[in-house]
Each structure stands twice: as C-alpha cells, then as structure tokens.
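Letters A, B, ... mirror the listed sequences (proteins, then strands); counts begin at 1.
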4 protein chains.
Amino acid sequence: MEKHPRLNPRKRPTQKRSQATVDDILEAAAYILERDGWKGFTTNAVADKAGVNISSLYQYFPNKESIVLELRRRHGERVQECFTAPKGRVPAGATLRDMLHMLVEAGVREHRVAPALHRIFSEEIPSSAFDAYPAWEAHMAREWAHRMRPLFRGVPHPEMAIFVAQTVGHAVVHEAANRRPELLKSPAFIDEVVTLLERYLRRDASGRH
Amino acid sequence: MEKHPRLNPRKRPTQKRSQATVDDILEAAAYILERDGWKGFTTNAVADKAGVNISSLYQYFPNKESIVLELRRRHGERVQECFTAPKGRVPAGATLRDMLHMLVEAGVREHRVAPALHRIFSEEIPSSAFDAYPAWEAHMAREWAHRMRPLFRGVPHPEMAIFVAQTVGHAVVHEAANRRPELLKSPAFIDEVVTLLERYLRRDASGRH
Amino acid sequence: MEKHPRLNPRKRPTQKRSQATVDDILEAAAYILERDGWKGFTTNAVADKAGVNISSLYQYFPNKESIVLELRRRHGERVQECFTAPKGRVPAGATLRDMLHMLVEAGVREHRVAPALHRIFSEEIPSSAFDAYPAWEAHMAREWAHRMRPLFRGVPHPEMAIFVAQTVGHAVVHEAANRRPELLKSPAFIDEVVTLLERYLRRDASGRH
Amino acid sequence: MEKHPRLNPRKRPTQKRSQATVDDILEAAAYILERDGWKGFTTNAVADKAGVNISSLYQYFPNKESIVLELRRRHGERVQECFTAPKGRVPAGATLRDMLHMLVEAGVREHRVAPALHRIFSEEIPSSAFDAYPAWEAHMAREWAHRMRPLFRGVPHPEMAIFVAQTVGHAVVHEAANRRPELLKSPAFIDEVVTLLERYLRRDASGRH
DNA sequence: TATGAATGAGCGTTCATTCAT
DNA sequence: CATGAATGAACGCTCATTCAT
C-alpha cells in the first residue's frame, strides 16, 4: 500500500473511444497472460496486442500491476453474480443440502465464466505481485456461513468446520476446472461434492437428508 | 524438449567442495525466493547471497529455472518420506479411518518440513515457469488409492471419489498451512479432516467408525 | 534560427480570456520550476497546474522552451525597471559613489522582485536550453558604463575595469541573494559593495568619498 | 540523501581493465556533457561514446547522477591542488597583496585545468540534480580567510568582507574564464583583480602596496 | 476554440548469461 | 577451476507534442 504508488486506474475514461481503449487493453492483457504467462506479460506486449500505443496504456493504468488488478476486479464482479443471484432465490424451507447444491452449482458456473482467467489468477500470477487483496470473497463467505450454520448437526467445532467446508468446496471445484474440465459438466460430480459437504456438516444421519 | 534447453543440473558435483557450493546456492535460492518472491529471484542475487561467483553458479546450473527445479526436487524427496515411511507400517487389519489418519498426519508433517518452501512452490512461482512436472506425486497417490478402495462403502463413482478425496485432503491441509498455521498443531483439526473423508468414503454408517 | 523552430509565443493573445490563460500558464510554470526544478518542468505538469488543457497550452506556446523564455522576458522587463527608473533621476552633479549606490541598490531591488525566479534562471535551467539570449542587459550595461567612465581615477585599463566591476557587482549581489538573503536587507552590505567598487574605480584617494 | 538510492560509485574497480572502463565512461561523460549539454546527457549516449556496454556502465555507477558526481569529485581533486600547493609556499613575511596574488593565480590556474568541465558544473547542470554537495571548498576558504584576516585594515565588518571578497574573487575569474577566456592569460587582469581585493581589504592607504 | 485522446521516440535501468584471465 | 568483467536484449515508463472531435 505504501510501496506501490498506485494500483487503481489512473484516469476514468469518459468518452466512448477511451472506454473502448481500456477494454481493448484488458482484453489483450488477458490474452497475453493466457498465452505467454506472467513472464511474457509486458506492458509493451499488451499495448501491441491491444493495438494501442504504450503511452495510451499508461494514461489509464499507472503500472503493470494495476492492469491485472483491474482485470481481476472485473472478473470478480462477474463471478460474484454467480453467488449473489441464487442467494435471493433461496426458498424459506431450504434444507442444508439445497443450499449446498446452490453453492456448488454457483461455483461450477463461476469456473465456466472464464476458466482461463481463473487459472491465470490462481496459478500464474505470483502472489507477491499484489499486496492489497480486496475482501469481497470473505464477505460473501461469511454471509453464507451464517445462513447454513443453524442447520449443522453433530459438528463439534463449527468454526473449524466452516473453514474446512469452504476450503474444500472451493478447492475441489477449482481443481476439477483446471485438471478435469469434463467433470464440471457432470451432474454426478456436483452431487458428489454436495454429498461430501453434507455428510461432513450433518453427522446425525447416514443416508441422504 | 526443444523449448527448454536444459533443466537438469549441468554437472553432477562429485567432490565435497562442489557439493557444498551447490548446497549454498540452493539455500540462498530458497532464502531469496522467500524474502523477495519470484520477482526478486535473480541469478545474481542468488549468487551474491550464496557467496559464490555468478560464473560458478552457471557451472552447476545451466539456467535460472534449473535452480528452482533442483530445489523442488530435493524438497519433493523429503516430502515423499513423510508418505513412504508410514506406508510400510500399515498394519494388516487397518481400517479406512486408520489409513486416512496416517495420510492426513503425513500431509501435516509434510507441511511442517519446510512451510516456506511449500508456499513458494505453490503460490509464488508461476506455473508456466515449468512445463515438466515429475509425476512422483501421481504414482504415490495411485498406490494409496489402490489400498483404500476396497474399503469404500456406498460410493457410486469410486474413480471420481478418489479424485475428490485426494484433492480435498491435499487442499485443506495446504490451505490450513498457509492461512491458519495454528490449525496444523491441533489434533482436532486432523480429526475433522479424517472425518470429512471417512464419511465421504463410507456412506453406510452415520456415526464415527 | 534553424535548430530552434520557434521560441516566440505562437499567438499574441488579444482577448482578455486568452491573456488570462497565458498568465495562468506562466504562473504555473514558475511554480513548477520552483518546486520541482527543471527536471519536473514538463508541459503536462504546467498545464495541469495552470488548469488548462495541454492542447491549449500549445496554442499559445510552440514548445516547452518558449514558456521559459517568455517567463524570462517578463521577469527581465520588471527587472529592467529597477535600473531604468533611477537612471532618469541621476542628478547633474552626482559623484561616482552616488551612481554606484544607485546601481547596487537597484541590483538589490532586482533580487527582491522575485528571488525564486532569479534562482531558477541562474541555477536551475541549463544554459544550453537557450541559445538565443536577448541583449537588453548588455545595452543597459553599456549605458551606465558610458556615464561613469569619466569619473574613473587612476584606472590603467578602463575597459577591463568595466568588465571587472560589472561582473563583481552583479555576482556579489546575486550570491548574497541566494546564499545569504539576510544580507540584502542590511544597508551595511550595500555600503560594502559600493566601497569595493568605488575604491577599485577611484584609486587616487584612500578614504571614503 | 534519502531519495537518491546511492550516489557513490557502485563497485570499486580492482583490475586494470575495469579501471580503464571507468575512466572511459567518465571521459565520455565529460565529452557528452560538453557537446550536448545536460539534455543530451543520457546513460546510453555515454556508454556508446565510451565504447562500453550500457550494463557495464551500471556495474560501476548506480545511476546517471553518480557519474556526474564522480566527475565532479575527480575534477575537485585536481582543482584543490591548485590551492593547496601554493599554500605551503607562503613565505613568512608575505603581505596581503602577495597572498591575494597567489590565490588569484591559483584561481586562474584552476580554470585552466579543464575549463569546459568548469562551465559544465557551474552552468549546465541544474543544481537540483544533486542534493549532497561536499564541502571541501568551504573548508579551504576558511583556512585562507584565517590567514589573511589579521592583515585587514580599516574593514568595519570583517566577516562580511570575507564573504564579499571570496564571492567577488571567485566570480570574476569564473566569468572571465567563460566569457573572456583571453583575459586569463593577461598578467594585467590578475593584477586588476588583486588590486580590487587589496584596496577593499586595506582601506588605510590609497596607492598601490 | 477548447478538450479528451492519442502517439513516437526514447530514457534509465535490469538481468540472464558468457567471455577472458 | 574460479573470478572479475562484460554484454545484448529488453522492460517499465515518461514526455513533448499532435490529432480529432
């Protein structure tokens, strides 16, 4: 926060043309990251690919990192919709399994949005490249946890269980997306993940429900 | 094979002094990666920190990547011991829970070996920096899967379950190590993870065991 | 004349608003030069500080140098007044000392006009940035020299003496302004400088007068 | 001192070859500064002119400014000799005029050492480019002042007179060197300057001596 | 006329790697 | 063998200036 002069975009583009320029830059940035990795992600390469002058790039982004950050922010917004959309639709008498199903499906949808971007953010970019992480994920996670907790059964350490469940849910969908993309399309896979979590969070009964 | 000129150490150091030099370089490499991240990981920095001349470094490593690769290889060896050691001791009538317990504990031990290195390999180094991953993990995983599979109960898609269980087990320990290190010391945590996996892989009974 | 495309203001602003814009630009230019030095003196910074669009700046000034040149010209005008004003008032029977006094006081006043600007022009701006120096100083100097020369006594090389006296007078006031600003307020200082010059230009008598 | 990472040379060249490289760089730097001014003084231009790789330049100098600083330091050393050499030879019964003569001649010699460098340091390089000025000049000036002061006659404010005399002596030689180089060769000029100072510092007598 | 957007040329600096002693 | 010296190829970023509405 101190070392990096700025991470936010430098200039809010007001006209249509500059909006398009910024979009072009971000699109090119995603393309380059995907194709050449973090190593090939140079501002000149991005500008070239975007078809804009390098100076134009720097009129909207104060430095290299801020480009990725904006990319991540935009991606985050689209991702968030996957989770906020179904939340409103949670019916009154929803069971834990219902809610888990919703969440896992949301996670799968999330990874379908832009799988390449997802891989980039999670595996390609060294975490040290960014100090400031926005915490929108944490906020959302807390909300869901709050809703589901009363439905736990026989869980000795609910706090720990929430950490475990969240980590597990996120990781298994993420790994499937990256290593076994075909799984994401299979309803059986979603069912398996839901079962994993349900049986972990409801230890009173053995069968379903 | 074409793109990467060489990744193996250039010269197998046979003499003691050379051995020590290589060790110094690797130690320095780990230190630099930990302190300055991938971005600060320059061959000159490593050589300086190791107290060896940059040209000497290039006598033992053909390029920058090969240093990290060797670091990873050595780390892998130590990690593997965590898993191979207990395997020999699996008693004849071991239950699934016993085996899961062994594995999870091994995973925890693994992360205690060199947590900093672990974080570096999983988060700091862009995956694109290395194409060639040795498959020792996969081999070990298959072996354990083969042992535990007969003990599954009520699992409709065993192959998928193995993928899920492995992914989940690995991820939860890893995340705990990186974000909640205190959890690794708690037996309750290990128990929770074991329970998570056991209830997933044995769906006939509800309670413990 | 070939190398420097243009140095004069591009457009003589006739309307009031244009006049104000030009003034704003010059004021901002002085501010930036003072605060950030020649290195920070960029056309964009000046335009920003002046609150005018960069393109507007280029409507009134053909290039960066011309801004400084105009600043210098305006400063020169104000400075000149310090010297032209008293000239008219030189009484008929004025002694050399009287005239030297007038000049030194004028020099001191000159440095009080805008000391910051003075420092900028003499120390901050590389002399190579401007080849074309207007010669108003030389003209004025010649005039004064012509008046005082008949009052010299015992000066073997009057031409050389004029060069020495002018250089010395200018330098000592200038240095005082930049390094010992408090001196400029002291009448004793002015007296000392006058004495220095008088005793140099009138070598017949030892005491004052 | 805080803003500039370093101003001192980066690496003390130990071998002959690198010594020569450093000398080449400094020589080229002087040449470029002289020919193209501060504006044309780019590290690439210096390296090119010196016939060394730009990276070699940065192996010995941490940044652009440090090159000029080292140039100035070396120049300062040679200049200092002009003043320290005669000091030892001041005879016991030396008059003020003798000492002034020595000093002015030293100043003239100083400007003959490398007049181009002198002009560069005093006029071409913006003062803001360097924060830290070594104070060797001040030290030497104090020493001489201490020697000459007892010989003052009729000087009402000796401290002020020292400031005036030093400023004046320095400036007139400097200006002569830059604007009327032919003067430096004329013994009459030196005599004039000495007379200027002597009559200022000894106000008891009118004639010479 | 004034403004937002754009740009070419280039600058300071780094770094993986090799040469020469 | 080990070391100091050297280097080519970029890279991130800036700035004076112009274009297009």
Side-chain angles (χ1 to χ4, degrees), chain A residues 5 10-22 39-47 51-65 67, chain B residues 5 11 15 17-18 21 39-47 52-67, chain C residues 5 11 15 17-18 21 39-47 52-67, chain D residues 5 10-22 39-47 51-65 67:
Chain A
R10 184 174 262 175
K11 195 195 228 168
R12 283 253 160 263
T14 52
Q15 294 186 4
K16 257 190 214 166
R17 189 152 58 121
S18 55
Q19 265 293 1
T21 299
V22 168
K39 185 180 177 175
F41 185 68
T42 74
T43 50
N44 284 298
V46 171
V52 309
N53 189 278
I54 180 67
S55 310
S56 294
L57 186 154
Y58 276 95
Q59 222 155 41
Y60 299 106
F61 298 94
N63 52 45
K64 190 180 164 177
E65 279 74 25
I67 302 173
Chain B
K11 191 195 257 176
Q15 298 185 2
R17 180 137 125 260
S18 304
T21 301
K39 184 179 176 173
F41 183 69
T42 72
T43 50
N44 284 294
V46 171
V52 310
N53 189 279
I54 179 67
S55 305
S56 297
L57 185 151
Y58 275 92
Q59 231 151 31
Y60 296 107
F61 297 93
N63 53 43
K64 189 181 167 179
E65 278 73 25
S66 67
I67 302 173
Chain C
K11 191 194 257 176
Q15 297 185 4
R17 180 135 127 259
S18 304
T21 301
K39 186 180 176 174
F41 183 69
T42 72
T43 50
N44 284 293
V46 171
V52 311
N53 188 279
I54 179 66
S55 305
S56 297
L57 186 152
Y58 275 92
Q59 231 152 30
Y60 296 107
F61 298 94
N63 52 45
K64 187 181 166 178
E65 279 73 25
S66 67
I67 302 174
Chain D
R10 183 173 263 175
K11 195 195 229 169
R12 284 253 159 263
T14 51
Q15 293 187 6
K16 257 190 216 163
R17 188 152 58 120
S18 56
Q19 265 292 1
T21 298
V22 167
K39 184 179 177 174
F41 184 70
T42 73
T43 50
N44 283 296
V46 171
V52 310
N53 189 279
I54 179 65
S55 310
S56 295
L57 186 153
Y58 276 95
Q59 222 155 42
Y60 299 106
F61 299 94
N63 51 46
K64 190 181 165 178
E65 279 74 25
I67 302 174

Rounded to the nearest Å, what distance is computed from the [atom1] atom of residue [X] to the [atom2] atom of nucleotide [N]?
X        : N       : atom1 : atom2 : value
Phe61(C) : dC15(F) : CZ    : P     : 20 Å
Phe41(C) : dC15(F) : CZ    : C1'   : 13 Å
Leu57(D) : dC15(E) : CG    : P     : 16 Å
Arg17(A) : dC19(F) : CZ    : P     : 13 Å
Lys64(D) : dT14(F) : NZ    : P     : 15 Å

For Ile54(A) and Ala47(A), which heavy atoms make the closest approach, and how far apart are they?
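In this case the closest contact between Ile54(A) and Ala47(A) is CA-CB, 3.8 Å.
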Indicate whether OP1 or OP2 belonging to [N] is found under 4.0 Å from a side-chain N or O atom of [X].
X        : N       : value
Ser56(A) : dA5(E)  : no
Tyr58(A) : dC13(F) : yes
Asn53(C) : dG4(E)  : yes
Tyr60(A) : dA6(E)  : yes

Is there a donor and acceptor pair closer than 3.5 Å between the side chain of Asn44(C) and the base of dA16(F)?
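Such a pair exists between side chain and base.
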My understanding is that a pair needs two contacts under 3.5 Å, Watson-Crick or G-U wobble. By that rule, which nucleotide pairs with dA9(E)?
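WC or wobble partner is dT14(F).
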With both distances under 3.5 Å as the test, what is the Watson-Crick or G-U wobble partner of dA20(E)?
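Partner of dA20(E): dT3(F).
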To the side chain of [X], which of [options] is closest?
X        : options                   : answer
Asn63(B) : dT17(E), dT18(E), dG12(E) : dT17(E)
Gln59(A) : dA6(E), dC13(F), dT7(F)   : dA6(E)
Thr21(A) : dA6(E), dA16(F), dA5(E)   : dA6(E)
Ser18(D) : dT3(F), dC15(F), dA6(F)   : dA6(F)
Thr43(B) : dG12(E), dA9(F), dA16(E)  : dA16(E)
Thr42(C) : dT14(F), dC15(F), dG12(E) : dC15(F)

Below 4.5 Å, heavy atoms only, C-beta onward: do Phe41(A) and Ile67(A) meet side chain to side chain?
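A side-chain contact exists here, since the closest heavy-atom pair is under 4.5 Å.
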Heavy-atom side-chain contact between Phe61(D) and Val22(D) under 4.5 Å
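Result yes, sub-4.5 Å side-chain heavy-atom pair found.
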Please confirm whether the backbone N or O of Ala45(D) pairs with a side-chain atom of Thr42(D), one donor and one acceptor, at under 3.5 Å?
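At least one qualifying donor-acceptor pair exists.
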Can you check side chain to side chain donor-acceptor pair (under 3.5 Å) on Tyr60(D) and Thr21(D), steps first, answer last?
CA-CA 9 Å; Tyr60(D) 299 106; Thr21(D) 298; 5.4 Å; no
Heavy atoms under 4.0 Å, any strand shown: does Ile54(B) hit a base, just sugar-phosphate, or nothing?
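If one applies the 4.0 Å heavy-atom cut-off, Ile54(B) turns out to touch a base.
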